[in-house]
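Accompanying notes for the structure given below.
As the structure lists them, so they are numbered: ligands from 1, and atoms in each ligand from 1.
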Amino acid sequence: MPRAQQSPRYAWIEENRCARRDSFAQAVDDGLGSEPRSLPCRFFYDAAGSRLFEAICELPEYYLTRAEHEILTRHADAIIERCPTPVTLAELGSGSSTKTRMLIEALLRAQGRLRYVPVDISRSMLDEAAQALLADYRGLEITAIASEYRDGLRHLGKETRLPKLIAWLGSNIGNFSRGEAHHFVGGIRDAMGADDRLLLGVDLRKDARVLVSAYDDAQGVTARFNKNLLARINGELGGQFDLADWSHRARVVDDGGRVELGLVCRRACEVHVAALDRSFRFDRGDFIHTEDSTKYSEPEVASLADAASLRVEERWLDSDRRFCVALLAPH
Ligand code: AVJ
């Protein structure tokens with residue numbers, strides 16, 4: 001795909017791509033070579049994986065995107081009324097930026113012009129999203145940061161021309177354990193000034209049946225998304241995984257507090273990975289953990305904020321009370 005050009009309204013910063021490719025090899029070597037086996041979920045999002053994730057967001061079972069969209073549609077103006085104006089909109093894990101359009105529109109209504117700084121691991125998603133947004137909104141200027149969260153936060157800390165509204169939506173926080181989330185929200189707090197705000201979209205604890213169907217959909221899109229990790233090992237590292245030997249598994253654990261995703265081996269196999277010059281043996285029933293999706297209660301959201309010296313300024317739920325968007329401000 002042709003790379004988007006830098007222009008007066010669009011600039012991008014890319015954080016060490018080569019190191020990232022190496023780190024995929026390293027992560028596969030470490031993750032498949034030790035027990036319990038695992039692959040880190042941040043590697044889901046190559047171009048194909050990002051597209052599959054967009055398809056997940058449209059699934060009837062995957063209520064998260066719709067619930068959050070409902071909240072942002074109803075309350076975008078109320079959200080930005082509680083932010084200083086003018087404000088820069090930053091976003092962690094922006095993906096296609098579809099979920100952000102309500103905020104962008106509300107901010108453009110309120111302040112006419114807007115600087116938007118999306119951070120995402122997928123350069124192709126950033127380019128596509130930026131082109132679409134710039135075509136739709138005059139008055140928008142975008143600086144995209146292609147990096148993992150850690151590097152992205154470092155850039156955001158330097159983004160001090162105007163106060164910032166940092167959006168971290170889509171329950172992306174769910175990929176962290178509770179402990180990691182506490183730590184990471186502390187890191188966001190460190191990148192915030194006294195006037196900045198954090199807008200957090202969090203999926204709430206709920207009935208296990210609703211969760212299982214959201215993460216094991218009837219059309220098998222989530223299964224393909226999950227197996228895309230193996231396809232990436234094949235494509236990028238010369239792996240020999242037969243995708244038919246693996247099945248997708250989604251399990252609710254921790255009393256509805258977490259969905260655990262992984263791949264179960266259906267047939268004993270030995271898989272060579274050329275780039276690692278190494279083979280991995282799997283028995284039938286072996287499990288590779290690929291993702292956690294942590295769910296929160298409302299009090300857990302408040303204590304998460306509190307532990308990072310933030311307070312919940314206001315929070316909004318969807319009409320089915322499945323999802324929460326919370327606006328956090330420094331103490
Ligand atoms: C992008 C982390 C929010 O946990 O719901 C969706 C990822 N994985 N279906 C989630 C995901 C399988 C998603 N997040």
Review point. How far apart are the C-alpha atoms of Phe323 and Trp316, what are their side-chain angles, what is the distance that settles it, and do they pass the ring pair (Phe, Tyr, Trp, His ring centres under 6.0 Å) test?
Key: CA-CA 8 Å; Phe323 200 92; Trp316 298 268; over 10 Å; no

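Applying the ring pair (Phe, Tyr, Trp, His ring centres under 6.0 Å) rule to Phe280 yields no partners; only residues at least two apart in sequence or on another chain are considered.
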Taking a 3.5 Å cut-off between nitrogen or oxygen atoms, can you list every pair linking ligand 1 to the protein, with distances?
{"from": "ligand 1", "atom 1": "4 (O)", "to": "Tyr215", "atom 2": "OH", "distance (Å)": "3.4"}
{"from": "ligand 1", "atom 1": "4 (O)", "to": "Ser293", "atom 2": "OG", "distance (Å)": "2.7"}
{"from": "ligand 1", "atom 1": "5 (O)", "to": "Tyr62", "atom 2": "OH", "distance (Å)": "2.4"}
{"from": "ligand 1", "atom 1": "5 (O)", "to": "Tyr215", "atom 2": "OH", "distance (Å)": "2.5"}
{"from": "ligand 1", "atom 1": "8 (N)", "to": "Glu291", "atom 2": "OE1", "distance (Å)": "2.6"}

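Note: Ser147 OG to Trp12 CH2 = 13.0 Å, rounded to the nearest 0.5 Å.
If you chain together hydrophobic residues whose side chains sit under 4.5 Å apart, Met125 and Ile145 never meet in one group.
In the model, Glu54 has a side-chain atom that pairs as donor or acceptor with a side-chain atom of Ser96 under 3.5 Å.
Under the 4.0 Å criterion applied to side-chain N and carboxylate O atoms, Asp286 and Arg284 are not assigned as salt-bridge partners.
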